[in-house]
Undergrad: 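My structure is below; once you've seen it, I'll send some questions.
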There are 2 protein chains.
Amino acid sequence: MAPTNKDVARRAGVSIATVSRVVNQLPNVRPALRRRVLRAVKELNYEPSRTAQRLRVKRSHVLGVIVSDIQNPFFTSVVRGIEDTAYQHGYSLVLCNSDEDTAKEKLYIDVMRAEGVAGLIVAPTRQTNTHLRALLQQHIPVVAIDRVLHGKHLDNVMVDNVEGARQAVIHLLELGHRRIGMVSTRFISTGTERQQGYLNAFQERGLRADRRLIALGAPKPESGYACTRELLNREPRPTAIFVANNMMLVGALSAIREAGLRAPHEISIVGFDDLPWAPLLEPPLTTIAQPTYELGKCAVELALKRIASPDRAAEQVRLKTGLIVRGSTGAPKMGAA
Amino acid sequence: MAPTNKDVARRAGVSIATVSRVVNQLPNVRPALRRRVLRAVKELNYEPSRTAQRLRVKRSHVLGVIVSDIQNPFFTSVVRGIEDTAYQHGYSLVLCNSDEDTAKEKLYIDVMRAEGVAGLIVAPTRQTNTHLRALLQQHIPVVAIDRVLHGKHLDNVMVDNVEGARQAVIHLLELGHRRIGMVSTRFISTGTERQQGYLNAFQERGLRADRRLIALGAPKPESGYACTRELLNREPRPTAIFVANNMMLVGALSAIREAGLRAPHEISIVGFDDLPWAPLLEPPLTTIAQPTYELGKCAVELALKRIASPDRAAEQVRLKTGLIVRGSTGAPKMGAA
DNA sequence: AAGGGGTTTGAAATCGTTTACAATGTCCGC
DNA sequence: GCGGACATTGTAAACGATTTCAAACCCCTT
């Protein structure tokens with residue numbers, strides 16, 4: 001149905017080789033012929049089949065992207081960065097949503113391999129790279145985003161989670177809080193690192209952190225709700241809560257509201273990752289901002305760099321976070337702590 | 001680098017035709033051979049190249065998706081529905097973000113054609129289908145989502161915007177509001193339809209709508225902010241505002257907050273499209289919910305139906321919206337109206 | 001006018017599949 | 001033991017591009 005090489009050649013009265021030369025802007029084609037071919041191309045609305053191109057030249061100009069939650073604004077923004085950068089370099093995107101499901105992730109990795117992607121950008125569900133082995137064996141570049149993944153030739157882009165969490169907790173400590181609850185994720189490297197930042201902050205100020213105030217769950221609103229309720233039921237109740245995952249934040253806020261607590265007077269709240277609606281909350285949310293767009297952009301750049309030189313040493317990029325103080329944090333009510 | 005047909009054939013000591021037969025589960029292969037081939041497949045970790053497959057059989061099992069704003073939670077949720085449904089049917093997704101930019105959209109449509117997608121799902125930036133003509137000529141199914149697009153064999157899935165807007169405005173009218181501002185989009189069919197719903201509601205109740213209370217702009221927060229400010233400066237000020245686009249809502253809420261107005265006592269607010277954080281606002285937002293996931297699912301199903309029978313009459317599906325009453329709407333303060 | 005360099009063009013091979021067709025093998029009834 | 005039906009296997013031709021190689025052509029020098 002779609003016009004091919006051959007159709008154009010016939011119409012222009014030349015061979016397919018000449019068509020290819022004209023389309024690919026190679027030299028040594030007489031201007032007269034070139035014009036005839038270009039006219040035929042236009043008339044037929046010809047676009048070379050990328051499928052055929054891919055089969056012939058081995059480069060594919062497609063990047064695979066597997067995110068763990070396409071509805072998470074964090075990943076959405078990262079994908080935006082990936083998309084912009086990829087298309088700027090002439091790459092298309094094949095997108096998958098693993099939905100935090102390792103089986104789905106494995107399936108999609110095989111899809112990517114069969115698709116012959118030039119590179120894969122993945123937010124891994126687990127910290128093992130076994131599923132990715134086949135890709136790496138075939139020297140298909142893999143870039144892990146947001147979450148750590150170790151491996152030879154396996155690049156990483158992440159934010160500095162330890163430092164980000166440290167900033168959040170230091171902020172609360174400086175306001176005078178001592179019983180600081182933390183809601184975080186289990187099994188995911190970002191969660192682990194942020195917990196480390198929490199502990200570091202206490203240690204840095206010569207204080208003892210209470211590990212029982214760290215509640216762990218899945219990166220889902222319901223889980224955030226459950227974790228927060230659990231923390232609110234502790235005696236004595238924490239005067240501040242650091243919700244270190246933006247999906248869990250939604251549930252956490254519900255739980256806090258349900259408990260009838262008002263920020264910042266009765267409880268202080270800090271989130272992780274800025275969101276378009278964070279300033280709209282009442283009070284506006286204090287949070288740790290992540291350079292999401294840059295993260296996506298950087299991931300593409302790493303992938304392209306590795307496509308260009310496959311044997312570079314694995315690179316790990318850490319992007320900086322920043323504390324944004326809004327209205328949801330304040331000094332603890334005396335007597336409550 | 002990746003193992004091929006031939007590698008498997010050599011290892012199993014058979015011809016490539018037999019490999020193909022085994023992999024594609026065709027009959028008439030002796031069990032002994034079948035086993036040998038399967039073993040070789042496993043040992044080499046062989047996956048048939050989709051590129052080569054596509055070139056040979058003309059079906060491609062790739063759906064193109066062009067959304068106008070990948071960061072809009074509405075589209076995110078739609079994409080989620082598309083993704084789930086597509087992969088369930090063995091299709092992969094090539095995703096693009098037109099960013100409400102017609103030039104980019106055109107570029108991506110050509111990309112899709114070159115990619116040889118089996119179908120395209122698009123949230124069109126404009127109401128013309130000229131860019132899509134080449135696709136339709138080649139009998140590549142096109143499904144327009146969210147926004148109307150007319151054309152032979154061109155399917156549509158949308159929500160019932162007229163009815164949705166009507167529900168919103170009737171709700172406000174019943175609360176006693178008469179001066180109801182509307183913030184909506186220009187040039188986009190959803191905006192136009194929702195404006196129609198606004199007018200219908202007034203007419204239905206035998207009231208005259210004041211068209212000067214409809215402020216139009218682009219589907220962006222900044223534009224929502226500007227439109228809302230404009231409305232708030234009217235004399236007398238509207239007692240309620242219906243923000244008929246979720247991107248504009250973010251800006252609208254900022255403007256309202258900035259003006260020092262509190263919902264629902266000083267002003268009532270209704271949004272369009274439910275969002276995960278809508279219940280978390282203070283007060284929680286009254287809004288028109290859209291079946292976003294179903295919309296994506298339905299789009300894929302329409303595409304697949306048209307792939308199966310290309311000459312069906314164009315189908316237009318309208319999904320139902322629903323009013324969700326939360327705290328941001330109430331009776332107008334008497335004397336203000 | 002013949003030879004030689006450089007440019008322009010086309011024929012044909014190739015990428016990894018699927019698939020039509022031909023060639024073999026197997027099994028059965030006579 | 002032989003022919004025929006049927007199952008099994010392999011050979012070779014597509015698909016639509018790129019790319020190598022050689023043929024054809026042009027122009028200039030001798």
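No hydrogens, no waters, no symmetry mates; every other heavy atom, side chains included, goes into these values. First the proteins, then the strands, lettered A, B, ... as listed; each starts at 1. As the structure is a prediction and not an experimental result, all values here were calculated from the model.
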Undergrad: dT7(C) P sits how many Å from L26(A) CG, rounded?
TA: 15 Å

Undergrad: Rounded to whole angstrom units, what separation is found between the CZ atom of R34(A) and the C1' atom of dT7(C)?
TA: 13 Å

Undergrad: Is a donor on one side and an acceptor on the other found under 3.5 Å between the side chain of T4(A) and the backbone of K6(A)?
TA: yes

Undergrad: Does the side chain of R147(B) come under 3.5 Å of the side chain of S68(B) through a donor N or O and an acceptor N or O?
TA: yes

Undergrad: Does dT7(C) have OP1 or OP2 under 4.0 Å away from a side-chain N or O of N28(A)?
TA: no

Undergrad: Can you list every side-chain hydrogen bond (donor to acceptor under 3.5 Å, both in side chains) pair that touches residues 22-40 of chain B, not counting sequence neighbours?
TA: none

Undergrad: Do we see a donor-acceptor contact under 3.5 Å between the side chains of Q138(A) and R113(A)?
TA: yes

Undergrad: Just to confirm, is there a sub-4.0 Å distance from OP1 or OP2 of dG16(D) to any side-chain nitrogen or oxygen of K58(B)?
TA: yes

Undergrad: Between dA17(D), dT9(D), dT17(C), which nucleotide gets closest to the side-chain atoms of N5(A)?
TA: dA17(D)

Undergrad: Using a 3.5 Å distance criterion without hydrogens, assess whether the side chain of Q290(A) forms a donor-acceptor pair with backbone atoms of V159(A).
TA: no

Undergrad: Please classify the nucleic acid contact of V19(A) as base, sugar-phosphate, or nothing, using heavy-atom distances under 4.0 Å.
TA: nothing

Undergrad: Checking contacts here: which listed nucleotide (dG16(D), dT17(C), dA17(D)) is nearest the side-chain heavy atoms of S49(B)?
TA: dT17(C)

Undergrad: In whole Å, I'd like the distance from the CZ atom of R10(A) to the P atom of dG10(C).
TA: 14 Å

Undergrad: Between dT19(D) atom C1' and N24(A) atom CG, what is the distance in whole Å?
TA: 10 Å

Undergrad: Hey, are S92(A) and R50(A) close enough side-chain-wise for a donor-acceptor pair under 3.5 Å?
TA: yes

Undergrad: Send over the distance from R54(B) CZ to dC15(D) P, rounded to a whole Å.
TA: 19 Å

Undergrad: Measure from the side chain of S20(A), starting at C-beta and using heavy atoms only, and say which of dT19(D), dG16(C), dT9(D) lies closest.
TA: dT19(D)

Undergrad: List, with names and distances, any nitrogen or oxygen atoms from the protein found under 3.5 Å away from nitrogen or oxygen atoms belonging to nucleotides 11-14 of chain D.
TA:
| unit_1 | atom_1 | unit_2 | atom_2 | d |
| --- | --- | --- | --- | --- |
| dA14(D) | N3 | R56(B) | NH1 | 2.9 |

Undergrad: Start at the 5' end of DNA chain D and walk down; is the nucleotide closest to T51(A) or to R30(A) reached first?
TA: T51(A)

Undergrad: Could you tell me whether R54(A) and E115(B) make a salt bridge, using a distance below 4.0 angstrom between a side-chain N and a carboxylate O?
TA: yes

Undergrad: In terms of side-chain heavy atoms of L33(B), which of dA17(D), dT19(C), dT9(D) is nearest?
TA: dT9(D)

Undergrad: Which whole-number value in Å describes the distance from R59(B) CZ to dC15(D) C1'?
TA: 14 Å

Undergrad: Write down the distance between CG (L55(A)) and C1' (dC15(D)), rounded to a whole number of angstrom.
TA: 9 Å

